[in-house]
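Structure first, then comments.
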Amino acid sequence: LQLLQGMSQMTTKRWVNKPEGSNWGRFGDDDQRGKMNLLTPERRVAAAREVKEGVAFTLSLPLDYPGGNAIFAHRKAPVLQYEKRGGAAYNFNFKLSHICAEYCDIVCDDAVLLYLQYSTQWDGLSHVGQMFDADGDGVPEKVYYNGWRGGVDLVGPEDAKEGFGAHKLGVENFATAGVQGRGVLVDLNRIYGRRKAFVGYDDLMRALDAQKVGVEAGDFLCLYTGYGDLIMEMNKQPDVDVLHHSCAALDGRDTRLLQWITDTDLVAICSDSLAVEVFPPRPAEGDSFPMLPLHNHCLFKQGVHLGELWYFTELAQWLAAHDRWRFQLTAPPLRLPGAVGSPATPVAVV
């Protein structure tokens, strides 16, 4: 009887195989939040205790940066749009009454065409998956964190004629997790400057030791590399070649670094760089391997969210001047059902 019950559970479960190094099922078979589940009330209280001065820092680039679409051809700058209201008049500087000339209200309204991962952003857990044989039939299929399926749970235009979007793992699950906790900033810029560097486990540990700070369960690891400064200096005319050969980022091929991310139980990694990890990565062995190894480990295997193109300059300067590296971080994504990523306007309070 127990064997039959086990077989029944196996046939109804979305996966019978899970990737090596993954934590699928840790927070339940139907989990869609990943390690954001570790943002407990106790950890939010600990984050609030980091506030000593009440000084706030905005950690977002202007959302029309980096500018153009030279960095990502398929992501474009936001475009503000305006609708007409009442005949030929646009609903911008619009008089609510045309009878009186004085004291009458005027209003402005607008809309935006916004690529959700163009500027300062969160990667949702539905952003990167893997071809993986989750059901054990010997054939790899499109799979995302916790076994949710491409074409079934995440539906694109090539999968169906309508009903597109992330029906599972959409960023709305992330948004309702209450994205507020303790940030720990690692200043890689003061170590490497604008030199391109692959930061592995040993490098990151040396940086943490030099700052006399640690990363604990439930923390947001924040990396200041200077890449965001370069983006701002280019004034919406990004030089892709310069950016490609500048600044530090994590080495996604370093297996000890990936294991540390797993063991630490941090909830997210946020960087001012383009992808948090160096891309393209170091060459890998074998015929089949992920091109985004850190994304693969964090988003697909561990349920660790990634924040990209954040802006840490003023915060990093303040923290260095006060020899403090922890702060309260509030950084919810848009509560937009079905989206795989989201712009963000994070705020740090020290």
May I ask you to decide if [Y]'s main-chain N or O and [X]'s side chain share a donor-acceptor pair within less than 3.5 Å?
{"X": "Thr58", "Y": "Val347", "answer": "no"}
{"X": "Ser119", "Y": "Pro62", "answer": "yes"}
{"X": "Gln117", "Y": "Ser342", "answer": "no"}
{"X": "Asn173", "Y": "Ala177", "answer": "no"}
{"X": "Gln130", "Y": "Asn296", "answer": "no"}
{"X": "His295", "Y": "Met291", "answer": "no"}
{"X": "Lys52", "Y": "Arg49", "answer": "yes"}
{"X": "Asp251", "Y": "Arg253", "answer": "yes"}
{"X": "Arg190", "Y": "Leu188", "answer": "no"}
{"X": "Ser126", "Y": "Ala166", "answer": "no"}

Using the salt bridge (charged side-chain N to carboxylate O under 4.0 Å, His left out) rule, take Asp219 and Arg43 through it: C-alpha gap first, then chi angles, then the decisive distance, then the call. CA-CA 8 Å; Asp219 283 349; Arg43 283 168 177 149; over 6 Å; no
Under 6.0 Å from the CD atom of Glu83, do we count more than 12 heavy atoms belonging to anything else shown?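 No, because the 6.0 Å sphere around CD of Glu83 holds 12 heavy atoms or fewer from other groups.
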Within a radius of less than 6.0 Å around NZ of Lys196, do more than 12 heavy atoms belonging to other residues, nucleotides or ligands occur? yes
Would [X] and [Y] count as having a side-chain donor-acceptor pair, cut-off 3.5 Å?
{"X": "Thr225", "Y": "Asp272", "answer": "yes"}
{"X": "Tyr118", "Y": "Asn69", "answer": "no"}
{"X": "Thr176", "Y": "Arg33", "answer": "yes"}
{"X": "Asp29", "Y": "Asn146", "answer": "no"}
{"X": "His305", "Y": "Asp123", "answer": "no"}
{"X": "Ser22", "Y": "His297", "answer": "no"}

Closest contact, heavy atoms only, [X] versus [Y]:
{"X": "Ala275", "Y": "Glu308", "result": "CA-OE2, 3.6 Å"}
{"X": "Pro333", "Y": "Val179", "result": "CD-CG2, 3.9 Å"}
{"X": "Asp137", "Y": "Asp135", "result": "OD1-OD1, 2.8 Å"}
{"X": "Trp260", "Y": "Thr264", "result": "O-OG1, 2.6 Å"}
{"X": "Glu53", "Y": "Arg324", "result": "CG-NH1, 4.3 Å"}
{"X": "Val199", "Y": "Leu257", "result": "O-CD2, 3.7 Å"}

Worked verdict on Lys142 versus Glu158 for salt bridge (charged side-chain N to carboxylate O under 4.0 Å, His left out): CA-CA 13 Å; Lys142 296 177 181 178; Glu158 294 180 352; 5.6 Å; no
What distance separates [X] [atom1] from [Y] [atom2], expressed to the nearest 0.5 Å?
{"X": "Asn93", "Y": "Cys108", "atom1": "CG", "atom2": "SG", "value": "4.5 Å"}
{"X": "Glu314", "Y": "Leu319", "atom1": "CD", "atom2": "CG", "value": "11.5 Å"}
{"X": "Gln302", "Y": "Ile269", "atom1": "CD", "atom2": "CD1", "value": "10.5 Å"}
{"X": "Cys222", "Y": "Leu329", "atom1": "SG", "atom2": "CG", "value": "5.5 Å"}
{"X": "Asp254", "Y": "Asp202", "atom1": "CG", "atom2": "CG", "value": "7.5 Å"}
{"X": "Asp239", "Y": "Leu230", "atom1": "CG", "atom2": "CG", "value": "9.5 Å"}

Is there side-chain contact between [X] and [Y], with heavy atoms separated by less than 4.5 Å?
{"X": "Phe164", "Y": "Pro157", "value": "yes"}
{"X": "Lys35", "Y": "Asn23", "value": "yes"}
{"X": "Pro346", "Y": "Thr330", "value": "no"}
{"X": "Met234", "Y": "Val242", "value": "yes"}

Any chance the rings of Trp122 and Trp310 have centres within less than 6.0 Å?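 Yes, the ring centres sit under 6.0 Å apart.
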Test of ring centre spacing under 6.0 Å for Tyr82 and Phe92: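 Judged by ring-centre distance (under 6.0 Å), Tyr82 and Phe92 do meet the cut-off.
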Same hydrophobic cluster for [X] and [Y], using side-chain heavy-atom links shorter than 4.5 Å among ILVMFWY?
{"X": "Leu294", "Y": "Leu309", "value": "no"}
{"X": "Leu80", "Y": "Val107", "value": "no"}
{"X": "Met232", "Y": "Phe312", "value": "no"}
{"X": "Phe27", "Y": "Val143", "value": "yes"}

Below 30° counts as parallel, above 60° as perpendicular, anything between as tilted: where do the rings of Phe300 and Trp24 land?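 Aromatic pair Phe300/Trp24 classed perpendicular.
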Report the C-alpha separation of Gln180 and Leu39 in whole Å, then their side-chain angles, then the decisive distance to 0.1 Å, and conclude whether the side chain to side chain contact (heavy atoms under 4.5 Å, CB included) test is met. CA-CA 8 Å; Gln180 184 178 63; Leu39 277 183; over 6 Å; no
Mind jotting down which residue pairs meet the salt bridge (Lys or Arg N to Asp or Glu O under 4.0 Å) criterion with at least one end in residues 56-71? Sequence neighbours excluded, please. Asp64-Lys236
Quick test of your reading: applying salt bridge (Lys or Arg N to Asp or Glu O under 4.0 Å), list the pairs with at least one residue in residues 105-120, sequence neighbours left out, ordered by first then second residue.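 Listed by first then second residue: nothing to list.
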Should the pair [X]-[Y] be classified as a salt bridge under the 4.0 Å nitrogen-to-oxygen rule?
{"X": "Asp209", "Y": "Arg206", "answer": "no"}
{"X": "Arg182", "Y": "Glu216", "answer": "yes"}
{"X": "Asp30", "Y": "Lys168", "answer": "no"}
{"X": "Asp265", "Y": "Arg26", "answer": "yes"}

Would you check, one step at a time, whether the test side chain to side chain contact (heavy atoms under 4.5 Å, CB included) holds for Thr120 with Thr345? CA-CA 7 Å; Thr120 300; Thr345 306; over 6 Å; no
Kindly state each residue pair satisfying ring-ring contact (aromatic ring centres under 6.0 Å, His included) with at least one member in residues 319-348, sequence neighbours excluded.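 Qualifying pairs, neighbours excluded: Trp318-His322.
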Verdict with reasoning, Tyr192 to Asp187, per side chain to side chain donor-acceptor pair (under 3.5 Å): CA-CA 9 Å; Tyr192 300 100; Asp187 191 345; over 6 Å; no
Using side chain to side chain contact (heavy atoms under 4.5 Å, CB included), reason through Leu61 and Ile231 one step at a time and then give a plain yes or no. CA-CA 9 Å; Leu61 296 169; Ile231 289 287; 4.1 Å; yes
Which is it for Leu250 and Val278 under the side chain to side chain contact (heavy atoms under 4.5 Å, CB included) test, yes or no, and what are the steps along the way? CA-CA 6 Å; Leu250 296 182; Val278 181; over 6 Å; no
